[in-house]
Asker: 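One structure, pasted below without further comment.
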Protein chains: 2
Amino acid sequence: MLKIQDVARHAGVSAATVSRVLNGRSTVNPELAARVHAAVRELGYRPNGVARNLRRRQTTLWAVLISDVGNPFFTSLVRGVEDGGRQFGYSVVLCNTDENRAREAEYIAVALADNMAGVIISPADDSTDISALVAAGTAVVTIDRELAETEVDAVLVDNEKGAEMATAHLLESGYRRIACITGPRRMSTAMRRLRGHQRALRAFGLPPDRSLIRHADFREEGGYSAMAALLDEGVEIDAVFAANNLMTVGAVECLTERGVAIPGQVGVIGFDDIPWARLFRPGLSTVRQPTYELGRAAAQLLADRIDNPARPAARMVLQTELHPRESSSPRTG
Amino acid sequence: MLKIQDVARHAGVSAATVSRVLNGRSTVNPELAARVHAAVRELGYRPNGVARNLRRRQTTLWAVLISDVGNPFFTSLVRGVEDGGRQFGYSVVLCNTDENRAREAEYIAVALADNMAGVIISPADDSTDISALVAAGTAVVTIDRELAETEVDAVLVDNEKGAEMATAHLLESGYRRIACITGPRRMSTAMRRLRGHQRALRAFGLPPDRSLIRHADFREEGGYSAMAALLDEGVEIDAVFAANNLMTVGAVECLTERGVAIPGQVGVIGFDDIPWARLFRPGLSTVRQPTYELGRAAAQLLADRIDNPARPAARMVLQTELHPRESSSPRTG
DNA sequence: GATTTCCGAGCAATCGATTTCCGAACATGG
DNA sequence: CCATGTTCGGAAATCGATTGCTCGGAAATC
């Protein structure tokens, strides 16, 4: 592989000058610069990024820690981060943590060891420890979820409002016994969405009913079993609000399997969109989160923080959109 | 940040010894090794990966070049690659190329500049130029698609057989005027799937009919317009085989919009599974590709090639699975 | 014309770990 | 007891680019 020294020799200048020409941090005689550029072209020289990274003490890599790209929510989010990263000259390292704290810690260690310029993380847990990153001065943006301990940039959606919209929509459509299948208690998103749900009920003048609230794991199986439990226990319900996409699918599967008509017997709405939800049977009503935009925004914040480490922590909150489809059609009779 | 020298001093040995202990390439007095380990733990030392990469002239990064993670086919594939990579100690850099050759070249340049250990690529085009990678000795595995020019490891599915299964299934279900919406002529996968389709027709004794064959772009819009064209031109059809997941969705949307009953008036089957296809209206029949396994296999091959650059190029072909659902129910009457 | 200022180019130090090479210490065999 | 072999620690070179510092020369000023 060619080195900067070779280019310097070929152009009849010093390596330092070549570097300056290529990085443009200092002015160089235009004629020399032209010679350098010509030499680079003729030799087909490509700077060694690793050496540059060593000297600059920073790479052009971002780590994106999410639970699973397989979840459409994160798929689109990651795509947003990647597009944003590319725009600013960063590459994105994909880190699936499966909500597993050990795996998360592992990837944080990698980000640190490899001197990554920044980390975008959707913490597995509100108590995920990112102190090592902060201590090392690595730029961090949390996405979708917040951290209890540390003050870092965060990109969020208005979970409470979104959930409130979902439940309010069900109420307006005539549903009254609305179950809520939300996520684990330790996750802020789950709690916020539950709170939004409850707020809508209260605003409508309905009393809270603990038997209608279920905590599951944000996964398909979780949604399925929570739904099954509601049915098995004979809890009287006429609708269900599931707090994320996978649990919505699980709940729908359970209802379908048991021959419960949607929305005839039970109306359904889910938080978070699902690709091609309109092609489902029935078309699934959802509260869409701006997932791609979330990723873009995180990229923006991260790039900015890298250039500007002292800036106080920012907090962006994006809004959701109600997409009513057949699964929550107005109740008849 | 702590350096190896600090650890050496703290443990009362030389930096070389610390390195040997940590990398285990040479034997070190157990007692000293213990002291080194203790020092590492006490100081919380973390080796600088960039410096190591510079010296070793290789990083622990893989680039994965695909058209778009948003496509469920690639989502799952990428997940497979990531799981495989982690197992072998590599991190995965996500590179969405959008079938865009410029973007592809850009990412290849990044992979080269950053000394990435390997590249897994689903080439935008059968003539994608990876010679620079080969010249630099970077390990390369192509996935899903093959390259015309270069001999490199490849992980493929049996496209011809899969497509044959799909069309044969339609024929067995009583469909006779089967349209085929395949991909661009320049892509080997598109042509293979078309050939499989035609083989099934031939085996069944049906004459080829050019008016039933459409080339689209492997995207939702492409499937939609191809389907629309078929309907607008009044081509007589009773079923359609779409050669990938997105075009299947597009075709179904077109049919649904125009009130064409599936499978009543037109049966549908698609190549490549779609998440939750069973929840669609109607449940979509598909030929499932082992996408996750494809990713795992590519990771395996890549890791192996990195350790063993001289090995002759391997070619793995995985099989598909037919998943008949309602959209291709046996034709009645 | 002499002195000061300023600009830009090059030398050399630096980033931090790995690895080659050399020499010391110790063991083993004759 | 010496010769030979073996093991292992440490000094120093190396990977390749960036950048602080220095100094020469041109321009500006009096």
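Because only heavy atoms are used, hydrogens play no part in the values below, and waters and symmetry mates are left out as well, while side chains stay in.
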Asker: Please figure out whether B:Arg56 or A:Leu22 has its closest DNA chain D nucleotide nearer the 5' end.
Answerer: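 Looking at DNA chain D, the more 5' nearest nucleotide goes with B:Arg56.
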Asker: Would you call A:Arg9-A:Asp6 a salt bridge at under 4.0 Å N-O?
Answerer: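 A:Asp6 and A:Arg9: salt-bridged.
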Asker: Where the side chain of B:Ser19 is defined as all heavy atoms beyond and including C-beta, which of D:dG10, C:dT18, D:dG16 is the nearest nucleotide?
Answerer: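 Side chain of B:Ser19 sits closest to C:dT18.
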Asker: Could you check which of C:dT18, C:dT14, C:dT19 has an atom nearest any side-chain atom of A:Arg55?
Answerer: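 Nucleotide nearest to A:Arg55's side chain: C:dT14.
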Asker: Would you say A:Thr17 reaches C:dG10's phosphate, i.e. side-chain N/O to OP1/OP2 under 4.0 Å?
Answerer: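 Checking C:dG10 against A:Thr17, a side-chain N or O does come within under 4.0 Å of OP1 or OP2.
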Asker: With respect to the side chain of A:Thr27, which nucleotide from D:dG9, C:dG8, C:dA17 is positioned closest?
Answerer: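 Comparing D:dG9, C:dG8, C:dA17 against the side chain of A:Thr27, the answer is C:dG8.
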Asker: Heavy atoms from C-beta onward define the side chain here; which of C:dG10, C:dT18, C:dC15 lies closest to that of A:Ser14?
Answerer: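 Closest nucleotide among those given: C:dG10.
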Asker: Please report, rounded to the nearest Å, how far the C1' atom of C:dG8 is from the CG atom of A:Leu32.
Answerer: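 Whole-Å distance recorded here is 9 Å.
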Asker: The side chain of A:Asn23 lies closest to which of these nucleotides: C:dG8, C:dA17, D:dT18?
Answerer: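 My answer, after comparing the listed nucleotides, is D:dT18.
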Asker: Would you indicate, yes or no, if D:dG16 has its OP1 or OP2 atom less than 4.0 angstrom from a side-chain nitrogen or oxygen of B:Arg57?
Answerer: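 For B:Arg57, the contact criterion (side-chain N or O under 4.0 Å from OP1 or OP2 of D:dG16) is met.
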Asker: Parallel, tilted or perpendicular for B:Phe88 and B:Trp62, by the 30°/60° rule?
Answerer: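 Rings of B:Phe88 and B:Trp62: tilted, as their planes differ by 30° to 60°.
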Asker: To the side chain of A:Ile4, which of D:dA17, C:dG16, C:dA17 is closest?
Answerer: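 Side chain of A:Ile4 sits closest to D:dA17.
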Asker: Verify the contact: side-chain N or O of B:Tyr45 to OP1 or OP2 of C:dA17, cut-off strictly under 4.0 Å; return yes or no.
Answerer: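 Answer yes for this pair, as a side-chain N or O of B:Tyr45 is under 4.0 Å from OP1 or OP2.
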Asker: Quick check for you: among C:dG8, D:dC15, C:dG16, whose closest atom lies nearest to any side-chain atom of A:Asn29?
Answerer: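 Ranking C:dG8, D:dC15, C:dG16 by closest atom to the A:Asn29 side chain puts C:dG8 first.
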Asker: Quick one: do B:Asp304 and B:Arg311 make a salt bridge, cutoff under 4.0 Å?
Answerer: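 Looking at B:Asp304 and B:Arg311, the cut-off is met.
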Asker: D:dT7 C1' sits how many Å from B:Glu31 CD, rounded?
Answerer: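 After rounding, the reported distance stands at 16 Å.
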